[in-house]
Amino acid sequence: MLFMDFARACEQLEGTSGRLEMIDIISRVLPGLSPEELPVFVRFIMGRIFPDWSSKKLGIGPNLLYEAIGYVAGMKKEEVIEKINLTGDAGRAVEELLSSKSQTTFFHEDLDIVRVYTELIAIAGTEGKKSQREKLLAVRRLLGNARPLEGRYLARIMLEELRIGVGGGSVRDAIARAFEVDSSLVEHAVQALNDVGEVARLARLGPDALRHVHITPFHPVRMMLAQQGTIEDMIKEHGQIAAEFKYDGSRFQFHKKGNWARMYSRRLEDVTAAMPDVIEKLITSTAHDVILDGEVIAIKDNKPMPFQSVLRRFRRRHDIAEAQDAIEMVPHVFDILYLDGETLIDLPLKKRRERLESVVKLYIAPQVVSSDPLEIEQTYKAALSAGHEGIMIKVPGSPYTPGQRGKNWIKIKPDVDTLDLAVIGGEWGEGRRAHVFGSFLVACQDQGKLIALSRVATGFSDDQLLEVYELLKDRIIKKSGKEVTFEPVLVFEVGYSELQVSPTYEGGFALRFPRFILIRDDKDISDVETLDSIRERYNRQSKSAQAYQN
């Protein structure tokens, strides 16, 4: 497949608003692709280069890309940035610059999708002192051979923001339609493999190939997520429920095969080097090959420390031994996804818990199973007394659904009114804060798109504003007076007093008294709150208000 044909497909999808039409467009392309092209196309169409389980990064920042564009277009990097600021879209800016570039000495070779993929993989693998220079030259070569429309999508892929509105659900349905397999088989395979490209290749082989997928050690899967709810509603709907402590730590996934073990963060980044003490504890707790789900917390003077203490360890690359002496890290394991070659995610929680307790001897999170609200309430109070956030309520008969935020896991905590939201814009501060961003526009997600929900201007210390500035200063893609638009790379946890119906924002809701809580750099943009879950929160809020008035 020529990259130009891929670009034309993207352009068609970008001009399409209907999900069913998008599925139809993609499903018509897939059968005509070669076995080598198919997984690449599927990942690219979602704005990805690597499988979701991979922690590899392309390593091309906006500045390097803008410098390469300037060289190809025959202008200074500052002029490129100005053009991008005017359009608010690096891809469209590249397209316009390539249409009128003054460099005419480039010999155009037709780019094909596999060659582009191969070159991007090579760029990601470039290391050493001269790596940035070598990456710059490689990006120049690609852009030098790109025609204007190709440049639009090539630049966006390099920035890992394709902006055509294609979500995971649409791609999975397109795969099912293209190869005439059940969409539930595709969904299950995606959950187990965490690589939509590989699932597309298997779907072409037929339903049996999808049925026989297995979770693989050291290929992390997305973690199952929780939403908010109440003890009363869960007991009313399910009768007996399982209650576990909700820890104020960092989620982890632990993989062990033989004597080899790795640990992955919630964002599926390999954090093994930063957590040798935790790895050692978990290795000694089981003799089996396992994939475990859990939470690691920081302990000092026998008391749990705030979440940020664990994050600092996850980020640490040096002086690990010194950090171990200062603060103890303790894992709490609450689920098992894989055991000695067997994938367990389809088993009900009750059965998974039995397997977990039979093979892991230490660090298992306590669990109370009951249909008595008072007993669950006592567990909740015990969790708070011990310094934890609250409790998790889980349905004993539920499977493990990677990456999904369903009603089978519910979180109960006193400070429930917070949302994890993507930072998509900002405004320069005033007075002594004029050199940093003073307020931020945050967004939820809906069908693969980010939808503005609120502006946040309170809750920040001067140090936090400076930290956010350093993280976002090179991610500006548009300027308009004091306002800026960012590439969506950062997640804020935002507190609020209540949700309100509002025409001000696209999603139809706004936050009353929004307040910054902390940066959630353990979370990816794909982990931010969905518009559907915000609607559910609003409905629960309305019911609570009615009950209070009555």
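Positions are given from 1, in the same order as the sequence printed here. Nothing here was measured: the structure is a model prediction, and the numbers come from that model.
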Would you call [X] and [Y] a side-chain contact if the rule is heavy atoms closer than 4.5 Å?
| X | Y | answer |
| --- | --- | --- |
| Val333 | Asp293 | no |
| Phe218 | Lys257 | yes |
| Leu38 | Leu30 | yes |
| Ile113 | Asp5 | no |
| Val116 | Leu154 | yes |
| Phe179 | Leu205 | no |
| Arg204 | Arg201 | no |
| Ile157 | Phe3 | yes |

Heavy-atom donor-acceptor pair, [X] side chain to [Y] backbone, under 3.5 Å:
| X | Y | value |
| --- | --- | --- |
| Thr126 | Ala122 | yes |
| Glu295 | Gly249 | yes |
| Ser27 | Ile23 | yes |
| Asn145 | Arg141 | yes |
| Thr16 | Gln12 | yes |
| Glu150 | Met4 | yes |
| Asp340 | Asp289 | yes |
| Tyr400 | Met224 | yes |

Where [X] and [Y] come nearest, the two heavy atoms and their spacing:
| X | Y | answer |
| --- | --- | --- |
| Ala90 | Leu159 | CB-CD1, 3.6 Å |
| Ile534 | Cys444 | CD1-CB, 3.6 Å |
| Ile45 | Val166 | O-CB, 3.9 Å |
| Gly151 | Ala146 | N-CB, 4.1 Å |
| Val221 | Ala192 | CG1-O, 3.3 Å |
| Thr286 | Lys256 | O-CE, 3.5 Å |

In Å and rounded to the nearest 0.5 Å, what is the [atom1] to [atom2] distance from [X] to [Y]?
| X | Y | atom1 | atom2 | value |
| --- | --- | --- | --- | --- |
| His219 | Leu268 | NE2 | CG | 12.0 Å |
| Ser454 | Leu441 | OG | CG | 8.0 Å |
| Gln228 | Arg537 | CD | CZ | 3.5 Å |
| Arg163 | Arg152 | CZ | CZ | 11.0 Å |
| Leu356 | Gln367 | CG | CD | 9.0 Å |
| Tyr363 | Leu282 | OH | CG | 7.5 Å |

> Under 6.0 Å from the CD atom of Glu134, do we count more than 12 heavy atoms belonging to anything else shown?
Replying inline: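 More than 12 heavy atoms, drawn from other residues, nucleotides or ligands, come within 6.0 Å of this atom.
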> So with a 6.0 Å cut-off around NZ of Lys281, is the heavy-atom count from everything else above 12?
Replying inline: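 More than 12 heavy atoms, drawn from other residues, nucleotides or ligands, come within 6.0 Å of this atom.
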With the threshold set at 4.0 Å, does a side-chain nitrogen-carboxylate oxygen contact exist between [X] and [Y]?
| X | Y | answer |
| --- | --- | --- |
| Asp233 | Lys236 | no |
| Asp532 | Arg535 | yes |
| Asp195 | Arg43 | yes |
| Glu119 | Arg115 | yes |
| Arg222 | Asp527 | yes |
| Asp24 | Arg19 | no |
| Glu357 | Arg353 | yes |
| Asp173 | Arg177 | no |
| Asp420 | Lys523 | yes |
| Glu11 | Arg8 | no |
| Arg156 | Glu161 | no |
| Asp522 | Arg251 | no |

>> Which label fits Tyr264 and His255: parallel for a plane angle under 30°, tilted from 30 to 60°, or perpendicular past 60°?
In response: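 If you compare the ring of Tyr264 with that of His255, the planes turn out perpendicular.
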Do [X] and [Y] have a side chain donor and acceptor closer than 3.5 Å?
| X | Y | result |
| --- | --- | --- |
| Gln404 | Glu187 | yes |
| Asp270 | Thr272 | yes |
| Glu14 | Tyr153 | yes |
| Ser131 | Glu127 | no |

> Passes side-chain contact (heavy atoms from CB on, under 4.5 Å), Met392 versus Ile410? Steps please.
Replying inline: CA-CA 6 Å; Met392 297 290 299; Ile410 297 296; over 6 Å; no
> So, is the end of the Lys478 side chain (NZ or CZ) under 6.0 Å from the ring centre of Phe486 and within 45° of the ring's axis?
Replying inline: no
Show which side-chain atoms of residues 341-348 pair as donor or acceptor with protein atoms under 3.5 Å away, not counting sequence neighbours.
from, atom 1, to, atom 2, distance (Å)
Glu342, OE1, Arg355, NH1, 3.0
Thr343, OG1, Ile215, N, 3.0
Asp346, OD1, His188, NE2, 2.9
Asp346, OD2, His188, NE2, 2.8

>> Assess the residue pair Phe44 and Phe6 against the criterion (ring-ring contact (aromatic ring centres under 6.0 Å, His included)); give the C-alpha distance rounded to whole Å, side-chain angles, the decisive distance to 0.1 Å, and a yes or no.
In response: CA-CA 9 Å; Phe44 274 11; Phe6 170 77; 5.8 Å; yes
> Step by step, would you call Gln253 with Leu292 a side-chain contact (heavy atoms from CB on, under 4.5 Å)?
Replying inline: CA-CA 6 Å; Gln253 199 173 103; Leu292 305 176; over 6 Å; no
>> Is there a side-chain contact (heavy atoms from CB on, under 4.5 Å) between Ile235 and Gln240? Walk through the geometry before answering.
In response: CA-CA 6 Å; Ile235 290 178; Gln240 201 171 62; over 6 Å; no
>> Apply side-chain contact (heavy atoms from CB on, under 4.5 Å) to residues Arg172 and Val190 and explain how you reach the verdict.
In response: CA-CA 8 Å; Arg172 290 163 202 171; Val190 170; 3.4 Å; yes
> Taking it one step at a time, do Asp446 and Lys449 satisfy salt bridge (Lys or Arg N to Asp or Glu O under 4.0 Å)?
Replying inline: CA-CA 5 Å; Asp446 183 42; Lys449 295 182 179 180; over 6 Å; no
